[in-house]
2 protein chains.
Amino acid sequence: MTTPRRDTYTPETLLSVAVQVFNQRGYDGTSMEHLSKAAGISKSSIYHHVSGKEELLKRAVSRALDGLFAILEEPAAREGQAVERLEHVVRRMVEVLISELPYVTLLLRVRGNTATERWALERRRDFDHRVAELLKAAAADGDVRPDVEVRLATRLVFGMINSIVEWYRPEARGASGREVADAVAQLVFSGLRRAA
Amino acid sequence: MTTPRRDTYTPETLLSVAVQVFNQRGYDGTSMEHLSKAAGISKSSIYHHVSGKEELLKRAVSRALDGLFAILEEPAAREGQAVERLEHVVRRMVEVLISELPYVTLLLRVRGNTATERWALERRRDFDHRVAELLKAAAADGDVRPDVEVRLATRLVFGMINSIVEWYRPEARGASGREVADAVAQLVFSGLRRAA
DNA sequence: CCTTGAACCGACCGATCGTTCGGTTACTCT
DNA sequence: AGAGTAACCGAACGATCGGTCGGTTCAAGG
């Protein structure tokens with residue numbers, strides 16, 4: 001049994017510091033010196049916990065991707081009408097995005113310069129395609145308006161959801177995750193759903 | 001009269017190359033070596049045309065910001081009902097974003113590490129506030145649904161519009177700027193406008 | 001008390017960063 | 001032909017990059 005002896009860093013606690021700095025300065029704009037200053041330990045000490053800068057990135061984006069993919073495994077995302085499953089996924093995306101804000105923020109900003117970043121981009125595309133399939137199915141059911149192209153609508157909806165990371169600040173307590181999810185669902189579906 | 005003698009670089013033509021590379025690798029992730037390779041001239045030759053890396057960034061974001069602010073000066077953005085002016089600004093934002101795609105893309109990705117980036121962020125905030133005022137006025141007129149908070153709706157709409165830079169590729173000829181603007185207006189306003 | 005090992009550090013590595021400098025080339029104008 | 005100059009180059013600058021190395025500190029376990 002290894003009990004934590006004192007207040008010291010683990011790869012996880014170090015990650016939470018690193019992700020904050022990454023999001024503030026950008027991954028490429030963050031040096032190990034920046035991280036060491038923010039963490040309050042020396043540059044070399046960071047390498048005692050993680051193998052390097054890129055492992056921190058990998059851990060961060062993995063956490064974000066795991067949270068998103070888990071949504072697709074939820075019962076409400078797998079059973080029922082496509083349009084209902086879609087609405088559930090949209091709402092849960094907003095909630096996960098907010099609960100894992102710094103990690104998803106970093107994920108949405110990777111550009112593909114390293115192998116890790118390209119891997120993250122690929123997994124993101126997979127997820128996007130899975131959601132696009134849902135929208136396509138809802139369109140086939142006739143549950144969304146037919147005058148906006150499915151492909152285009154998917155991208156715009158993703159754009160709206162993902163943009164939340166650009167302004168949502170949990171400490172400001174302006175709106176809870178559920179409230180934001182409600183607003184997004186309102187905007188998305190009152191625009192998407194065929195008028196009764 | 002200075003006629004261009006041969007096919008040589010000017011600050012403007014060099015900028016168009018640089019912005020492409022910036023958008024592919026990220027500003028911080030782009031070295032002068034990368035730029036020189038992409039431009040086909042030596043690293044030191046770049047300094048014959050521009051004062052350095054940051055001037056390229058400044059020129060790029062200025063061009064994007066000028067395009068956006070010009071929208072607010074158009075007659076249709078200054079006269080008439082607030083909700084009509086808002087719709088015009090939204091449509092024109094999409095069109096400018098697409099016609100100046102690489103420059104706006106770069107603008108939307110700056111993080112604030114340098115003085116130029118912070119200046120760009122500040123001007124962006126100014127623009128956002130101007131548009132938010134329009135939405136607020138439309139809400140006061142009773143022309144948008146009252147059950148979604150104005151502040152939140154503004155951010156989500158901006159998010160949807162700005163996200164276009166993440167996927168729109170002019171060479172693919174999937175949809176013209178006007179077609180995308182139509183789709184955005186459909187989604188935004190069928191969700192925003194009070195049912196008749 | 002003494003060994004062990006996690007946590008940490010300063011000094012340093014080769015590589016690369018943005019930038020500068022002293023030229024050379026090649027075109028225009030007279 | 002000769003002067004002037006825009007466009008360009010290779011070499012090198014000090015600074016900083018991500019990462020390594022040989023330790024030191026200190027609490028836990030026997």
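Values in this document were obtained by computation on a predicted structure and should not be read as measured data. Numbered from 1 within each chain, the chains take letters A, B, ... in sequence-line order.
In this structure, Trp119(B) and Glu122(B) have side chains that are not in contact, with every pair of non-hydrogen atoms separated by 4.5 Å or more. Using a 4.5 Å heavy-atom cutoff, the side chains of Ser163(A) and Asn162(B) are not in contact. Side-chain contact between Ile71(B) and Glu74(B) is present, with heavy atoms from C-beta onward closer than 4.5 Å.
Among the nucleotides dG18(D), dC9(C), dT19(C), the one closest to any side-chain atom of Tyr47(B) is dT19(C). When distances are taken from the side chain of Lys53(B) to each of dT19(C), dA7(C), dG19(D), the shortest belongs to dT19(C). Nearest nucleotide to the His34(B) side chain, out of dG19(D), dC17(C), dA7(C): dC17(C).
One atom, OH of Tyr27(B), and another, C1' of dC17(C), lie 12 Å apart when rounded to the nearest Å. Atoms CD (Glu54(A)) and C1' (dG19(D)) sit 13 Å apart, rounded to a whole Å. For the pair His49(A) NE2 and dT20(D) P, the computed distance is 16 Å after rounding to whole Å. Nucleotide dG18(C) holds its C1' atom 14 Å from the CD atom of Glu55(B), rounded to whole Å. Taking atom CG on Leu35(A) and atom P on dG19(D), their separation rounds to 10 Å, with Å as the unit. Straight-line distance from the CD1 atom of Ile41(A) to the P atom of dT25(D): 18 Å, rounded to whole Å. Look at CD on Glu33(B): it is 14 Å from P on dT19(C), rounded to the nearest Å. Atom-to-atom, CG of Asn113(B) to P of dC17(C) comes out at 17 Å; the value is rounded to the nearest Å.
The two residues Gly29(B) and Asn113(A) come nearest to each other via the heavy atoms CA-ND2, 4.2 Å.
Under a 4.0 Å N-O distance rule, the pair Arg155(A)/Glu166(B) does not qualify as a salt bridge. Between Arg91(B) and Glu95(B), no side-chain nitrogen of the basic residue sits less than 4.0 Å from a carboxylate oxygen of the acidic one, so the salt-bridge criterion is not met.
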Problem set entry | Criterion side chain to side chain donor-acceptor pair (under 3.5 Å) on Thr114(A) and Thr116(A), from CA distance to verdict | CA-CA 5 Å; Thr114(A) 68; Thr116(A) 298; 4.6 Å; no
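In this model, the phosphate group of dC8(C) is not approached by any side-chain N or O of His48(A) to a distance below 4.0 Å at OP1 or OP2.
Counting any heavy atom pair closer than 4.0 Å across all strands shown, Ser51(A) reaches no nucleic acid atom. Using a 4.0 Å heavy-atom distance criterion, Thr30(A) is classed as a sugar-phosphate-only contact.
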Protein-nucleotides 10-14 of chain D N/O pairs closer than 3.5 Å?
from: dG10(D); atom 1: N7; to: Ser44(B); atom 2: OG; distance (Å): 3.4
from: dG10(D); atom 1: O6; to: Ser44(B); atom 2: OG; distance (Å): 2.5

